[in-house]
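Okay, so here's the structure we're looking at.
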Amino acid sequence: MMRITAYADRLISDLDLLDWPEPIKIMQRNWIGRSEGAQVDFLALAAGGDDPREWFRRRESSGWPAAPESESVIRVFTTRPDTLYGATYMVLAPEHPLVSRIVPDAWPEGTPAAWKGQFPGRPEGDVPPRAMVDAYVRRAQAKSDVERQVETKEKTGVFTGAFAVNPVDEERIPIFVADYVLMGYGTGAIMAVPAHDLRDCEFALQFDLPIPPVVMPPEDWLREHVAAAVKERPEAASLDLADRRVLEALYGRACLPGEELGGIYSIREAFAEEGIAIHSEAIEGLPTSRAKRRITGWLDERGLAREAVNYRLRDWLFSRQRYWGEPFPIVYDDEGLPIALRPEDLPVELPEMEDYRPETTDDPDAPPRPPLARAREWAVVTIDGREHRRELNTMPNWAGSCWYYLRYLDPRNDRHLARPEVERYWMLTPKEGGAAPESYDPATCRIGGVDLYVGGAEHAVLHLLYARFWHKVLHDLGHVSTPEPFHRLFNQGYVQAAAYTDERGVYVEASEVEEKDGKYWSRGKEVRREFGKMGKSLKNAVTPDEICSTYGADTLRLYEMYMGPLDVSKPWNTRDIVGVFRFLQRLWRNLVDEDTGALKVTDEPASDDLRRALHKTIDGVRRDMEALGFNTAIAKLIELNNQLTSLDAVPREVAAALVKMLAPLAPHIAEELWSRLGEGAEATIAYESYPEADPSLLLEDSIEVPVMIKGKVRARIRVAADADAAAMERAALEQPRVRQQLEGATVRKVICVPGKMVNIVVG
RNA sequence: GCCAGAGUGGCGGAAUCGGCAGACGCGCCAGAUUCAAAAUCUGGUGAGCAUCACGCUCGUGAGGGUUCGAGUCCCUCCUCUGGCACCA
């Protein structure tokens with residue numbers, strides 16, 4: 001087990017310091033699922049009848065115990081301690097250890113028939129509680145996850161026959177077993193507040209349990225639920241349902257003994273939001289957040305509750321019974337004690353095996369035999385003359401991906417993970433440029449080590465959370481300098497392709513599908529088309545080999561970047577590839593004479609306009625590349641290149657810059673052009689620095705701005721680039737078309753945004 | 001059901017802060033070149049109306065709102081994609 005839960009809070013708080021997409025952060029926060037609330041102890045009444053007063057007194061003097069002191073105490077976790085007065089029953093998960101202990105021999109007198117078990121396969125007749133509970137627990141354990149999901153609609157469960165005491169009002173409440181409570185979360189037991197929890201409400205309706213309200217909802221909710229529920233009833237005719245006080249009275253008196261307003265309103269839908277506490281002596285009238293604190297504090301003083309935090313996140317079972325995984329460097333001696341292998345015995349490598357399947361047996365009680373158990377020789381190691389048995393489980397699938405990026409730092413080092421100076425060089429990044437500091441300092445360093453991590457969103461919660469946890473452990477142990485592994489995360493989209501299903505809904509090989517008359521056919525049968533992530537499961541994968549051999553690697557690469565934004569999924573459509581292929585060819589022809597192979601580059605300076613265009617391109621492309629906007633960067637290069645087609649010879653300053661900008665996108669052709677340009681015959685373009693835009697060339701002397709009248713562009717004016725609002729207004733009102741448009745109209749207002757536009761409001 | 005993301009021409013997509021919707025590419029149409037074709041080059045290409053070179057109206061999934069001005073901000077709804085599944 002890896003105690004990732006011990007890092008839960010840090011895994012949440014450090015998210016704020018990472019440059020990650022917000023949706024991924026949200027998914028991680030939800031996955032960790034931190035919830036604040038309280039643990040509360042309930043005394044289960046023994047069949048003989050313990051005196052609860054005695055227990056309350058003992059608790060008052062002993063205080064809150066770390067674990068319940070006896071088997072008749074049920075500890076629950078709740079995020080809503082303020083609803084304790086509304087707890088009308090309790091539920092234990094079927095796997096809860098107390099279930100078998102609290103069940104009495106016979107049903108208590110007056111047990112409603114509905115409580116004696118509601119679930120498929122319930123034993124017939126009036127079965128005693130123990131047999132009924134056993135039957136329910138066995139059935140719950142036999143249910144697969146899929147079955148549990150299918151049955152989410154109907155709540156099932158059984159009354160255990162036992163009661164507990166509600167610590168706030170000492171009311172006796174029944175204890176049920178139901179599989180809607182999970183053993184794996186919280187304490188595996190809950191207090192049920194049907195008026196203010198959706199699931200408890202469903203269960204209460206099913207089992208005919210009381211649903212007393214203890215939180216007053218806001219007026220909107222009352223109007224939507226209470227007023228709507230009663231307005232058709234004849235009894236409501238005399239009531240003013242628009243009056244908030246009437247609605248509150250209806251809601252507050254629902255289900256109170258003898259006060260159901262003649263059954264006019266009873267709660268059928270839980271209100272699970274915050275409101276004002278009602279029918280709750282110790283916290284009456286308090287808003288939810290204050291009520292929570294008050295009641296928890298009050299119970300804490302009496303040793304009955306304690307503030308608590310719970311996580312949805314589970315600890316990481318770091319072991320699999322599979323062959324393909326990293327073997328553990330652990331052996332066991334004769335007494336079964338685990339021993340770490342000595343460094344000289346490392347690395348442990350997987351044995352060559354013919355058969356990777358786990359060993360099976362007919363004996364249901366036999367221990368499982370993982371695949372490595374078949375490697376009988378490998379499984380035994382002799383150390384200091386004594387035989388040891390190897391650990392036969394392997395590490396789980398995310399183990400390697402948690403640290404591979406660290407190994408890349410110093411891959412040939414066979415003594416360390418990575419040399420500390422190498423690790424610092426790559427992983428420590430100062431926030432504001434400059435030299436890397438000696439050690440991590442949150443004030444000056446980025447929290448994450450890897451500058452940019454590009455990966456699919458499917459890793460949002462597993463790989464990316466485990467890797468963060470692993471890195472933090474290594475950081476705490478002093479092996480890595482930064483607290484986080486990946487500073488900036490970018491989720492690329494999926495490449496999608498058409499996939500086809502036959503009449504059974506089964507995917508057919510996409511490459512065998514033909515289109516005819518707008519319909520799709522595979523082997524003579526019509527198939528249905530859909531779009532999905534390209535891959536094996538949808539049988540729609542296309543290898544890029546053919547494109548690569550037809551158009552070359554540069555075109556393939558460029559096309560993949562040009563298809564659209566990196567983070568968006570997009571269909572693979574080979575029809576569009578010729579576009580970028582033509583671009584590369586046109587670029588080549590602009591710089592090299594096709595017939596002679598001679599360079600068409602001149603040392604003459606570029607014209608003013610061309611130079612401006614170049615620097616505008618450099619500026620735009622730089623920004624696009626920074627934002628990973630490869631598609632728009634390429635569009636700008638195409639635009640510049642298109643301007644060169646009409647020239648007899650391309651000025652060297654333009655050619656060189658264009659080729660440099662192209663290099664990261666289409667490296668082969670850029671390298672070839674670079675060598676032809678003769679800019680340093682020995683060097684590769686890879687060592688050139690990226691072109692820089694001259695800011696003075698980005699400013700135009702004059703600009704054209706639109707003039708809008710009645711929200712439409714009616715004319716354009718040319719003004720100095722730095723013209724102020726007054727100058728723009730003057731120029732706009734003088735423009736002939738504007739004057740024509742304004743004839744007979746009154747100008748109410750003129751809005752001028754310098755450098756952008758003029759908007760004339762007429763009335 | 002819950003969480004997240006996305007809906008823009010025939011297609012992929014562009015639009016940095018609320019300021020000219022449709023950059024760039026594909027496709028399509030026309031022209032040049034050619035004996036012809038491919039390739040290449042030039043021009044055009046959201047829809048409708050028009051006294052088809054002035055111009056007008058509509059238009060970013062639907063409906064409302066804020067604003068001088070909305071693809072962009074707010075509310076309601078629809079569709080699609082991905083993730084989660086009774087988490088007390």
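Excluded from the calculations below are hydrogen atoms, water molecules and symmetry mates; all remaining heavy atoms, backbone and side chain alike, are included. In what follows, chains are A, B, ... by sequence order, proteins preceding strands, each numbered from 1.
I751(A) comes within 4.0 angstrom of a base, heavy atoms only. Within the nucleic acid shown, N30(A) comes within 4.0 Å of sugar-phosphate atoms alone, with no base atom in reach, counting heavy atoms only. Within the nucleic acid shown, R623(A) comes within 4.0 Å of at least one base atom, counting heavy atoms only. As judged by a 4.0 angstrom heavy-atom cut-off over every strand, N642(A) is placed among residues touching the sugar-phosphate backbone only. Residue M563(A) is classed as a sugar-phosphate contact, given heavy-atom separations below 4.0 Å to backbone atoms only. Using a 4.0 Å heavy-atom distance criterion, R714(A) is classed as a sugar-phosphate-only contact. If you check every strand for non-hydrogen atoms under 4.0 Å, N310(A) touches nothing.
Here the side chain of R312(A) is nearest to one of rG19(B), rC84(B), rG25(B), namely rC84(B). Side-chain atoms of R737(A) lie closest to rG55(B) of the nucleotides rG55(B), rG19(B), rG25(B). Each of rG25(B), rA88(B), rA14(B) was ranked by its minimum atom distance to the side chain of T78(A); first place goes to rA88(B). Taking only side-chain atoms of R716(A), from C-beta outward, the nucleotide of rC20(B), rG13(B), rC24(B) with the closest atom is rC20(B). Comparing rA88(B), rC3(B), rC84(B) by their closest approach to the side chain of I26(A) singles out rC3(B). Closest to the side chain of D197(A), out of rA88(B), rG12(B), rC20(B), is rA88(B). Comparing rA88(B), rC24(B), rG69(B) against the side chain of S35(A) picks out rA88(B) as the nearest.
Aromatic ring orientation, H196(A) versus F271(A): perpendicular (interplanar angle above 60°, classes split at 30° and 60°).
Residues A277(A) and A291(A) come closest through the heavy atom pair CB-CB, 4.5 Å. Scanning all heavy atoms of the two residues, the minimum distance from L733(A) to R739(A) falls at O-CG, 3.1 Å.
The same atom, P, is picked in rC78(B) and in rA30(B); the two are 46 Å apart, to the nearest Å. Going from the P atom of rG22(B) to that of rA36(B) covers 39 Å, rounded to whole Å. As rounded to the nearest Å, rG19(B) and rC28(B) have P atoms that lie 36 Å from one another. Taking atom C1' on both rA6(B) and rC86(B), the two are 29 Å apart, rounded to the nearest angstrom. Remark: the separation of the C1' atoms in rU33(B) and rG12(B) is 31 Å, to the nearest Å. When the C1' atom is used for both rA32(B) and rC80(B), the distance is 46 Å, rounded to whole Å. Only the C1' atoms considered, rC24(B) is 36 Å distant from rC75(B), to the nearest whole Å. Comparing rC29(B) with rC84(B), their P atoms sit 47 Å apart, to the nearest whole Å.
Between D624(A) and K636(A) there is a salt bridge, since a side-chain N of the basic residue sits under 4.0 Å from a carboxylate O of the acidic one. Ion pairing of K616(A) with D609(A) is absent here, as no side-chain N (NZ or NE/NH1/NH2) approaches a carboxylate O to less than 4.0 Å.
Looking only at atom types and distance, the side chain of R312(A) has no donor-acceptor partner in the side chain of N30(A) under 3.5 Å away.
A residue-by-residue look at M757(A) and T187(A) shows that M757(A) has its nearest nucleotide of RNA chain B further toward the 5' end. Checking D619(A) against S569(A), the closest nucleotide of RNA chain B that is more toward the 5' end is the one next to S569(A).
At whole-Å resolution of the value, CG in N573(A) and P in rG12(B) are 9 Å apart. The interatomic distance linking D200(A) (CG) with rA88(B) (P) rounds to 12 Å, in whole Å. The distance between atom CD1 of I24(A) and atom C1' of rG82(B), rounded to the nearest whole Å, is 10 Å. Rounded to a whole Å, the CZ atom of R586(A) is 13 Å from the C1' atom of rC26(B). Summarising the geometry, the separation between CG on L584(A) and P on rC24(B) is reported as 18 Å, rounded to the nearest angstrom. Distance, L465(A) CG to rC84(B) C1': 15 Å, rounded to whole Å. If you take CG of D567(A) and C1' of rG82(B), they are 14 Å apart, rounded to a whole angstrom. To the nearest angstrom, P of rU67(B) lies 11 Å from NZ of K749(A).
Here the side chain of N590(A) pairs a donor or acceptor atom with the backbone of N641(A) at under 3.5 angstrom. In this structure, the side chain of R586(A) does not engage the main chain of T645(A) through any donor-acceptor pair within 3.5 Å.
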Practice item. Tell me, with the steps shown, if F581(A) and Y559(A) meet side chain to side chain contact (heavy atoms under 4.5 Å, CB included). Key: CA-CA 8 Å; F581(A) 184 60; Y559(A) 171 64; over 6 Å; no

Practice item. I would like to know whether M728(A) and V705(A) meet side chain to side chain contact (heavy atoms under 4.5 Å, CB included); could you show each step before the answer? Key: CA-CA 9 Å; M728(A) 284 173 75; V705(A) 294; 4.1 Å; yes

Exercise for review: Report the C-alpha distance between V650(A) and Q643(A) in whole Å, list the side-chain angles of each, state the deciding distance to 0.1 Å, and finish with yes or no for side chain to side chain contact (heavy atoms under 4.5 Å, CB included).
Suggested key: CA-CA 10 Å; V650(A) 177; Q643(A) 288 189 47; over 6 Å; no

Practice item. Walk me through it: do D593(A) and K600(A) pass the test salt bridge (Lys or Arg N to Asp or Glu O under 4.0 Å)? Key: CA-CA 6 Å; D593(A) 188 299; K600(A) 287 170 63 185; 5.8 Å; no

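Because its glycosidic torsion is more than 90° from 0, rG31(B) is reported here as anti. Classified by its glycosidic torsion, rC17(B) falls in the syn category, the angle being within 90° of 0. An anti base is found at rC58(B): its glycosidic angle is more than 90° from 0.
The phosphate of rG25(B) (OP1 or OP2) has no side-chain N or O of Y562(A) nearer than 4.0 angstrom.
Put simply, the side chain of K155(A) and the base of rC86(B) share a donor and an acceptor less than 3.5 Å apart. Between the base of rC26(B) and the side chain of D576(A) there is no donor-acceptor pair shorter than 3.5 Å.
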Below 3.5 Å between N/O atoms, which protein atoms pair up with nucleotides 27-29 of chain B? Just atom names and distances, please.
from    : atom 1 : to      : atom 2 : distance (Å)
rG27(B) : OP2    : R582(A) : NH1    : 3.4

Using a cut-off of under 3.5 Å, enumerate the N/O to N/O pairs linking the protein to nucleotides 70-76 of chain B.
none

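Here H96(A) contributes atom NE2 and M183(A) contributes atom CE; the two are 5.0 Å apart, rounded to the nearest 0.5 Å. Here the CE-CZ distance, from M90(A) to F176(A), works out to 12.5 Å after rounding to the nearest 0.5 Å.
Because its NZ or CZ atom is not both nearer than 6.0 Å to the ring centre of F203(A) and within 45° of the ring axis, K155(A) does not count as a cation-pi partner of that residue.
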Point to revise | Per-nucleotide pairing state of RNA chain B [Watson-Crick or G-U, under 3.5 Å; [ ] pseudoknot-crossing; | other strand] | key: (((((((..(((......[....)))((((((.......))))))((((.....))))..(((((..]....))))))))))))....

